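Not measured: the values here are computed from a predicted model.
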Amino acid sequence: MSKKLVAGNWKLNGSLQANDQLLDASVAVPGVDMAVCVPFPYLAQAQSRLVGVALGAQNVSEYDAGAYTGEVSATMLADFGCRYVIVGHSERRALFGEDDAMVGRKALAAQRKGIVPIVCVGESLDERKAGLAMSVVGRQLAAVLEVAGADAVGRMVLAYEPVWAIGTGLSATPAQVGEVHAGLRAWLNAHGVAASGVRILYGGSVKPDNATELFAVPDVDGGLIGGASLVADDFLAICRAAVA
Ligand code: PEP
């Protein structure tokens, strides 16, 4: 992969006033692809202020239009210039009941409108302790593959986000990350997906002080950054660490 991708996930944070400062400070770093995934109401604001940094959303409906109160479609995201959308974040799986198949349908819905889904997979702490990390991410990916097919999966971005590392300050070690990322690439190849073209991001407590070692791990093509993406200096430092 030529350039790494670093995507910020603001989650449920922001205000018009605070965003202005953060967006203006989020300037493009040469040598790395950058994106920020903002809450829906701030898409227009972010679209108007970001320069050289791609815009993303944090969720998308599996439906394109109709009687689905509260949903936001991929067509709508495309209207605001979204290049990426996060699907299957562990918070959506755990708190909002999104299952593996729904994640696949959402990823496909985004792709049909030209938006690149960032498909999150990852195991819980109990699953890791039971030695199930790879089988869990394989099951999550298999559902996406079944819905979307190998060609489509080959055009998605994946994010390995161990649930126990998200927002906890407890990042996975480079060895743990390397093992799963290599496993994911092997899984893709074994299932007919051209894995060399798939960016696999790592997410989970990436900070300026651990980004360099995490991005140096083979098969890590960038990062999905939660908390640290809300502090411009930290986000930019992480982006600089991703420059080849
Ligand atoms: C995330 O929400 O995708 C994430 C990785 O969060 P954090 O960086 O805060 O662990």
Side-chain angles (χ1 to χ4, degrees), residues 5 7 9 11 35 37 40 54 56-78 82-124 127-128 132-163 166 180-204 219 221-224 226:
L5 168 65
N9 172 15
K11 310 196 191 200
C37 300
F40 293 139
Q58 301 169 21
N59 187 20
V60 65
S61 178
E62 63 185 280
Y63 305 110
D64 198 47
Y68 303 106
T69 302
E71 291 286 272
V72 173
S73 72
T75 300
M76 294 169 184
L77 297 185
C82 280
R83 172 148 175 69
Y84 297 101
V85 62
I86 299 168
V87 295
H89 191 282
S90 63
E91 288 153 12
R92 296 224 53 91
R93 292 178 189 261
L95 304 174
F96 301 99
E98 296 192 8
D99 63 22
D100 295 342
M102 182 189 281
V103 172
R105 293 193 298 273
K106 287 184 173 207
L108 188 59
Q111 222 173 26
R112 283 195 175 123
K113 301 299 172 186
I115 298 171
V116 178
I118 300 175
V119 179
C120 300
V121 296
E123 81 287 358
S124 68
E127 289 163 340
R128 170 155 287 271
L132 296 174
M134 202 51 231
S135 72
V136 168
V137 298
R139 186 205 72 219
Q140 291 169 333
L141 263 189
V144 179
L145 182 67
E146 190 174 328
V147 172
D151 284 356
V153 173
R155 287 179 277 111
M156 295 178 184
V157 172
L158 302 185
Y160 169 53
E161 297 210 310
V163 179
I166 296 177
V180 175
H181 279 234
L184 283 170
R185 211 164 307 272
W187 190 100
L188 291 169
N189 276 324
H191 290 79
V193 180
S196 59
V198 177
R199 275 170 159 164
I200 308 178
L201 314 183
Y202 168 74
D219 287 307
D221 304 308
L224 183 55

(request) Please test H191 against L141 for side-chain contact (heavy atoms from CB on, under 4.5 Å), starting from the C-alpha separation and ending with a verdict. (result) CA-CA 10 Å; H191 290 79; L141 263 189; over 6 Å; no
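- Between atom SG of residue C37 and atom CZ of residue R83 there is a gap of 12.0 Å, rounded to the nearest 0.5 Å.
- The backbone N or O of G226 lies less than 3.5 Å from no partner atom in the side chain of N9, so there is not a single donor-acceptor pair.
- Considering V193, D221, L158 as possible partners of R185, the one that fulfils the side chain to side chain contact (heavy atoms under 4.5 Å, CB included) test is D221.
- Residues R92 and N59 are in side-chain contact: their nearest non-hydrogen atoms beyond the backbone lie under 4.5 Å apart.
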Which atom pairs, one a donor and one an acceptor, fall under 3.5 Å between side chains of residues 115-124 and the rest of the protein, sequence neighbours left out?
residue	atom	partner	partner atom	Å
E123	OE1	Y160	OH	2.9
E123	OE2	R128	NE	2.7
E123	OE2	R128	NH2	3.4
E123	OE2	Y160	OH	3.0
E123	OE2	W164	NE1	3.0
S124	OG	E127	N	3.2
S124	OG	E127	OE1	3.2

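- From R93, atom CZ reaches atom CD of E98 across 8.0 Å, with rounding to the nearest 0.5 Å.
- Heavy-atom minimum distance, G204 versus E161: N-OE2, 4.3 Å.
- V153 is not listed as a side-chain neighbour of V198, based on a closest heavy-atom distance of 4.5 Å or more.
- Looking at Q58 and H89, their side chains never come closer than 4.5 Å, going by heavy atoms from C-beta outward.
- Side-chain contact between V87 and V60 is present, with at least one heavy-atom pair separated by less than 4.5 Å.
- A heavy-atom distance below 4.5 Å is not found between the side chains of D64 and R112.
- With rounding to the nearest 0.5 angstrom, the CG atom of L108 is 6.0 Å from the CE atom of M156.
- A heavy-atom distance below 4.5 Å is found between the side chains of L5 and Y84.
- Annotation: side chain of R139 is in contact with side chain of D100 (closest heavy-atom distance under 4.5 Å).
- The CE atom of M76 sits 9.5 Å away from atom CD of E71, with the distance rounded to the nearest 0.5 Å.
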(message) One pair to check against side-chain contact (heavy atoms from CB on, under 4.5 Å): L77 and K113. What are the steps and the verdict?
(response) CA-CA 9 Å; L77 297 185; K113 301 299 172 186; over 6 Å; no
